[in-house]
Amino acid sequence: MSGPKIVLVTGASSGIGRACAALLHEKSHIVYGTSRKAAAAGIPWRMLQLDVTSEQSVASAVARILDEQGRIDVVVNNAGLVMAGAIEDTSLDEARLQLDTNLFGAARVCRAVLPTMREKRSGLIINVGSLAGVVGLPFQGYYSASKFALEGFTEALRLEVAAFDVEATIVEPGDIATSVVQNRVRVAASGAASPYRAAFDKTVATFEKEETAGASPEVVARRVLSIIESGRPAVRYSVGPFGQRLLAGLKPFLPSRWFEFGLMIYYGLKRGG
Ligand SMILES: NC(=O)c1ccc[n+]([C@@H]2O[C@H](COP(=O)([O-])OP(=O)(O)OC[C@H]3O[C@@H](n4cnc5c(N)ncnc54)[C@H](OP(=O)(O)O)[C@@H]3O)[C@@H](O)[C@H]2O)c1
């Protein structure tokens, strides 16, 4: 469909989501951004309240857009939570929140928009994954698990919705300079008593350094715009710092132990004994 698209961008209050909403708005698309908080003043695109962990919240935001516009052409499933903690230190309730936000959050939005997309025989779902969904990151194990899961989810979704002319794809950013550093949630047991504390602190400090020096969120927004303009999207797109994309791309071709050894050196992790 040519002309302006009706676009829903979840998590548009900061970072990547905000950059996507701003660029798509600038390109004259009709953008509905979302946040769990009430809309801040001065945002020129529409903002709705939405918590992706609540089915009711997702349903009412989607219903509002359908009521006002009659369709949703594009969804950018961007809302996300970054949780840090050793797997042993992470309670299953904490792990559930991580997956509930990053995986089931996207699933809730997909389930809410797909009936209309199928009916209109048109629609595009862009899931925001991560290179941490290609390479498992230490002390962000459940974050990586959520983004690895989103990879399989997107591959399966594409196959299922193709018959209805609906498209799906996943964008995999490397480190991007957003509010992720301030918004990262440390699990409760990651404090001084954790047996992982020293390695955890060192690894998180490395993450923070890389995120702070990361690519601009506009890089992701430009990729999202090009996907929207491209017609038939590829399965996945990596985006962000070239070195990180190269390493993730090499992973299938390198012996797994070598790759893992490189990660251990990079994060300063040691084998005991
Ligand atoms: N920055 C990076 O280096 C990087 C790399 C790879 C992938 N990513 C992915 O990019 C996406 C955006 O992250 P970002 O870096 O832009 O982080 P950010 O600046 O912290 O933004 C996160 C956004 O998600 C929203 N959000 C969080 N929990 C939510 C929930 N339960 N319901 C609805 N919205 C929720 C936040 O909105 P409110 O708090 O206003 O509700 C905020 O707008 C995430 O999926 C993240 O995993 C980021």
Side-chain angles (χ1 to χ4, degrees), residues 8-23 31-40 43 45 47-62 75-84 94 96-109 112 125-137 140 142-151 153-154 170-185 204 206-221 223-224 236-241 244-245 248:
L8 166 61
V9 182
T10 65
S13 61
S14 70
I16 292 170
R18 190 180 174 115
C20 289
L23 182 62
V31 176
Y32 287 79
T34 77
S35 166
R36 286 166 295 180
K37 304 177 269 283
I43 293 185
W45 56 87
M47 282 296 282
L48 299 176
Q49 245 176 311
L50 184 153
D51 181 341
V52 294
T53 65
S54 156
E55 201 138 351
Q56 200 191 336
S57 171
V58 171
S60 74
V62 168
V75 170
V76 184
N77 271 319
N78 165 77
L81 168 72
V82 181
M83 190 176 276
E94 288 169 322
R96 273 185 206 104
L97 175 64
Q98 178 66 92
L99 279 122
D100 204 25
T101 308
N102 293 8
L103 175 64
F104 298 123
R108 283 184 191 94
V109 176
I125 293 171
I126 302 174
N127 291 325
V128 178
S130 172
L131 288 183
V134 179
V135 175
L137 294 183
Q140 283 196 171
Y142 283 106
Y143 176 72
S144 270
S146 73
K147 296 295 189 179
F148 268 77
L150 205 53
E151 294 277 340
F153 175 93
T154 307
I170 185 161
V171 173
E172 303 160 338
D175 283 315
I176 308 292
T178 66
S179 309
V180 63
V181 172
Q182 299 84 282
N183 292 341
R184 175 176 278 106
V185 173
V204 172
T206 304
F207 292 154
E208 290 181 347
K209 202 169 119 208
E210 287 171 342
E211 286 153 0
T212 306
S216 149
E218 281 75 34
V219 171
V220 187
R223 169 53 78 191
V224 164
R236 52 178 57 82
Y237 299 86
S238 67
V239 57
Q244 295 177 355
R245 291 165 51 209

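If you're wondering where the values come from, they're calculated on a predicted model, not measured in any experiment. We count ligands from 1, going down the list as the structure has it; atoms in each ligand are counted the same way. When reading the values below, keep in mind they use all heavy atoms of this one structure, side chains included, and skip hydrogens, waters and symmetry mates. Index from 1, following the sequence.
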**Student:** Is a salt bridge present between R108 and D51, judged by a nitrogen-to-oxygen distance below 4.0 Å?
**Tutor:**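 Not counted as a salt bridge, because no side-chain N and carboxylate O are separated by less than 4.0 Å.
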
**Student:** With hydrogens left out, which residues have an atom under 4.0 Å from ligand 1, given that only heavy atoms count?
**Tutor:** G11, A12, S13, S14, G15, I16, S35, R36, K37, L50, D51, V52, T53, N78, A79, G80, T101, V128, G129, S130, Y143, K147, P173, G174, D175, I176, T178, S179, V180, N183

**Student:** Using the side chain to side chain contact (heavy atoms under 4.5 Å, CB included) criterion, which residues pair with T101? Sequence neighbours excluded.
**Tutor:** V52, T53, L81, L97

**Student:** Check whether any side-chain heavy atom of L150 lies under 4.5 Å from a side-chain heavy atom of N102, and answer yes or no.
**Tutor:** no

**Student:** Could you pull out every donor-acceptor pair under 3.5 Å between side chains of residues 14-22 and any protein atom, sequence neighbours left out?
**Tutor:**
none

**Student:** Taking only residues two or more places apart in sequence, or in another chain, which ones meet T206 in a side chain to side chain contact (heavy atoms under 4.5 Å, CB included)?
**Tutor:** E210, Y266, Y267

**Student:** Is there a side-chain contact between T34 and L8 (heavy atoms, below 4.5 Å)?
**Tutor:**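 Sidechains of L8 and T34: in contact.
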
